[in-house]
Amino acid sequence: MRRRLLAGLLGGALLLGGVTGCGIPENTEVRVDGPGPAAEGGSTSGSRGEPPSRSAAGTDAEQFVQNFLAAAAGEPDGAYQRVRQFIVPAERDRLQTKQGSEVTLAVVRLTEEPVPVYAPDRTEVTLKVQQVGQLRTDGTLAPPETSTTTYTFELRSQAGQDGLTDGGLYVANPPTALLLSVEALETYYQSRTIYFWNNDRTRLVPDQRYLPLAVPDERRVSEVVKWLTAGPSAWLGTAVRRLPDSTRLINNATRTDGRWEVDLEMPEDKARLEQLGTQLAWSLSDLDGPLDIKIRNQSQEFIPDLERRRLDRPVHQLPESFQRFCVYEGAVHPLAYPGEPTGPVPVDAKANRNVVSAGLSRADNQILAALVVSDANRQWLSVGTGTDPVAAFTRSAKGYAAMGQPVWLRSTYRGQPAGLVVADGSLYRFDAQAQLTAVPLGVPGPVTAVAASLDGHRIAVIAGGALYVAALSPDGAGATPGPARRLHTRLTSLSAVDWYGENTLVLAGAVGRPAVYEVSVDGARESRLEDKIGARVTHLAAYPANAVGRLGAAMYEANGVAYRSSPFERIQPQQVQEVTPPSAGARAGNPTAPFFLY
């Protein structure tokens with residue numbers, strides 16, 4: 001195999017561009033994660049959406065291995081047949097064929113470069129892999145079903161042996177699973193975001209899926225509708241509502257004179273149908289024009305313009321822009337950059353003292369403020385809510401040896417704000433009175449970081465050195481996490497995490513040396529954002545790209561020095577506002593613990 005091709009297969013970081021939406025070249029801001037146009041180059045049915053055939057690599061062993069790890073890509077019904085074509089005929093029955101929803105692909109990430117071992121009549125190949133997940137027919141990437149890290153098989157090329165009738169290479173002693181490399185997932189599938197209503201039907205929650213590019217354009221609307229009627233990804237189940245029982249698509253969605261028609265079997269409930277219309281408008285965000293939702297062939301919800309519906313009912317209620325802040329000399333201060341808004345700290349000066357880190361959020365016309373303050377060699381959570389500036393604060397009843405940055409949940413009930421904070425290796429929920437309640441996660445090891453998504457119904461945590469995501473369901477006093485799902489990433493020594501998009505995280509750890517990566521919410525896609533850090537990242541904050549088209553941004557702290565993205569550069573003391581300049585000869589302090597207010 002050509003080295004350059006294998007290097008692409010193993011690649012350190014995936015560049016998330018092309019058909020998947022969410023392209024993030026190194027040292028640029030993240031852009032919104034979304035489905036992309038319905039019919040782009042390579043997105044229509046045809047050869048560009050199909051993986052390479054067995055003979056495409058000729059006798060190039062390394063290219064053949066790359067193609068073999070892509071053979072299962074495409075429409076699920078043909079996955080086994082495509083992979084079996086790569087296997088010597090005498091051994092094809094070793095791959096037990098499954099049908100329908102039982103078809104799953106083992107998505108793997110190569111951890112080492114495969115080195116073929118050549119012999120006169122065969123070539124042995126060993127794959128060292130990390131199991132990423134199981135790609136199911138409903139487009140979800142479920143947790144891995146195996147912990148296998150090594151696959152060994154042979155390549156044979158002599159025609160006339162073992163029933164071979166032509167030249168080229170074949171696989172002997174094949175893996176019993178359908179393997180799909182993360183690169184093939186990136187190349188032959190379109191990453192799409194569909195939406196489900198939360199349990200009280202006040203907010204849409206994103207759910208990531210993968211659609212084969214080989215699916216014809218005229219069937220794509222039908223596939224999305226089927227995903228919605230089948231329900232959310234398993235890990236989101238506790239936080240969102242399914243469509244009414246027995247809801248199903250009648251025939252395929254059709255398009256006539258520029259209008260899409262979706263015919264369903266479901267109860268006739270005007271309020272539910274109106275919400276379904278909004279759910280479909282966002283789940284089909286690459287479409288505009290009219291959509292007619294029918295119940296048993298009778299029009300029940302007509303949307304004249306899908307784009308207008310999305311504008312009228314945005315997924316996220318956000319201000320026009322964010323503000324940057326940091327901690328400087330023990331107090332929260334604004335940061336000033338050209339072209340970005342800045343303003344005074346929305347916290348009364350009497351409370352803005354001895355601050356270690358902070359989390360601020362906007363809720364209607366109020367400011368939610370949570371400050372970690374240091375006192376008597378302990379750290380305490382000080383919480384206040386109200387109009388700008390917030391003056392009345394309540395301190396937690398207990399102090400801790402160490403606390404992480406507090407984060408507010410953007411989906412909790414009006415008048416009952418709540419947030420999350422890590423303290424002494426445990427996760428706590430806090431309220432407006434700074435009352436801390438332990439949050440059980442059911443994962444091993446101490447919790448060292450937590451982040452909340454823009455919708456407020458999903459969290460990411462680092463616990464025991466591993467990355468997890470979990471869904472949040474309201475319980476009257478905040479939100480309780482469902483079962484945590486572990487994400488498998490190439491990064492080690494994980495230290496900080498935040499949400500970087502609707503379905504992406506920004507993660508700090510190490511890939512040989514300290515680095516900051518973007519990682520998809522299922523762990524499959526990775527993109528290096530910065531690796532010229534030189535020290536462990538101890539603090540990380542992001543403004544997430546979102547479905548209303550705003551760009552994302554990130555800031556972090558390492559070795560007591562703060563940085564911002566686009567490009568990643570040090571945050572200088574002169575960017576810090578509302579400070580008294582140091583006296584002559586005195587050295588200015590460093591900005592620390594940067595964060596965003598929005």
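Start at 1 with the first residue, then count along the sequence. Excluded from the calculations below are hydrogen atoms, water molecules and symmetry mates; all remaining heavy atoms, backbone and side chain alike, are included.
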Show the nearest heavy-atom pair for residues [X] and [Y], with the distance to one decimal.
X	Y	answer
A535	P514	O-CB, 3.3 Å
T148	Q131	O-NE2, 3.0 Å
G133	L141	C-CD1, 3.8 Å
Y500	A542	CD1-CB, 3.9 Å
R378	A401	NH1-N, 3.5 Å
L420	F430	N-CE2, 3.3 Å

Please identify each residue that fulfils side-chain hydrogen bond (donor to acceptor under 3.5 Å, both in side chains) with H488, with sequence neighbours left out. none
Does either side chain, that of [X] or that of [Y], offer a donor lying less than 3.5 Å from an acceptor on the other one?
X	Y	result
Q323	R362	yes
S233	D207	yes
D431	Q416	no
E518	T504	yes
R570	N590	yes
N546	H316	no
R209	T140	no

Step-by-step side-chain contact (heavy atoms from CB on, under 4.5 Å) determination, L371 to V347: CA-CA 10 Å; L371 310 176; V347 174; 4.3 Å; yes
Any side-chain heavy-atom pair from [X] and [Y] closer than 4.5 angstrom?
X	Y	value
L180	V108	no
V439	P481	yes
Y195	V315	yes
E578	P344	yes
W197	V240	no
I459	V461	yes
V516	I533	yes
L127	L110	yes

Quick one: do [X] and [Y] make a salt bridge, cutoff under 4.0 Å?
X	Y	result
D375	R395	yes
E526	R109	yes
R458	D455	yes
R136	E145	yes

Parallel, tilted or perpendicular: which fits the ring planes of F596 and Y543, with parallel below 30° and perpendicular above 60°? tilted
Could you go through the side chain to side chain donor-acceptor pair (under 3.5 Å) check for Q208 and R525 one step at a time? CA-CA 12 Å; Q208 180 166 286; R525 297 177 296 150; 3.2 Å; yes
[X] side-chain N/O to [Y] backbone N/O, donor-acceptor pair under 3.5 Å:
X	Y	result
H457	L472	yes
Q433	Q435	no
T538	A558	no
Q130	T489	yes
Y563	I571	no
D498	V506	no
Q379	V372	no
Q575	Q572	yes
S396	L381	yes

V447 and I462: CA distance, side-chain angles, deciding distance, side-chain contact (heavy atoms from CB on, under 4.5 Å) verdict: CA-CA 6 Å; V447 181; I462 297 174; over 6 Å; no
Apply side-chain contact (heavy atoms from CB on, under 4.5 Å) to residues Y468 and L441 and explain how you reach the verdict. CA-CA 10 Å; Y468 298 86; L441 284 173; over 6 Å; no
Between V469, L467, V521, which is the residue that forms a side-chain contact (heavy atoms from CB on, under 4.5 Å) with R485? V469
Might you confirm whether atom CZ of R241 has over 12 heavy atoms from other residues, nucleotides or ligands at distances under 6.0 Å? yes
How long is the straight-line distance from [atom2] of [Y] back to [atom1] of [X], given to the nearest 0.5 Å?
X	Y	atom1	atom2	value
Y151	L69	OH	CG	10.5 Å
L505	S520	CG	OG	8.0 Å
L597	S321	CG	OG	10.0 Å
L529	S565	CG	OG	8.0 Å
L360	L368	CG	CG	9.0 Å
W499	L454	CH2	CG	10.5 Å

Of F322, Y556, F325, W408, the residue whose pairing with F595 passes ring pair (Phe, Tyr, Trp, His ring centres under 6.0 Å): F325
Could I get the full list of salt bridge (charged side-chain N to carboxylate O under 4.0 Å, His left out) partners for R203, not counting sequence neighbours? none
Criterion side chain to side chain donor-acceptor pair (under 3.5 Å) on S285 and R310, from CA distance to verdict: CA-CA 8 Å; S285 60; R310 290 189 288 269; 5.8 Å; no
Ring centres of Y400 and Y428 under 6.0 Å apart? yes
Could you walk me through whether L135 and L185 satisfy the side-chain contact (heavy atoms from CB on, under 4.5 Å) test, starting with their C-alpha distance in whole Å, then the side-chain angles of each, then the deciding distance to 0.1 Å, before giving a yes or no? CA-CA 9 Å; L135 183 62; L185 179 68; 4.0 Å; yes
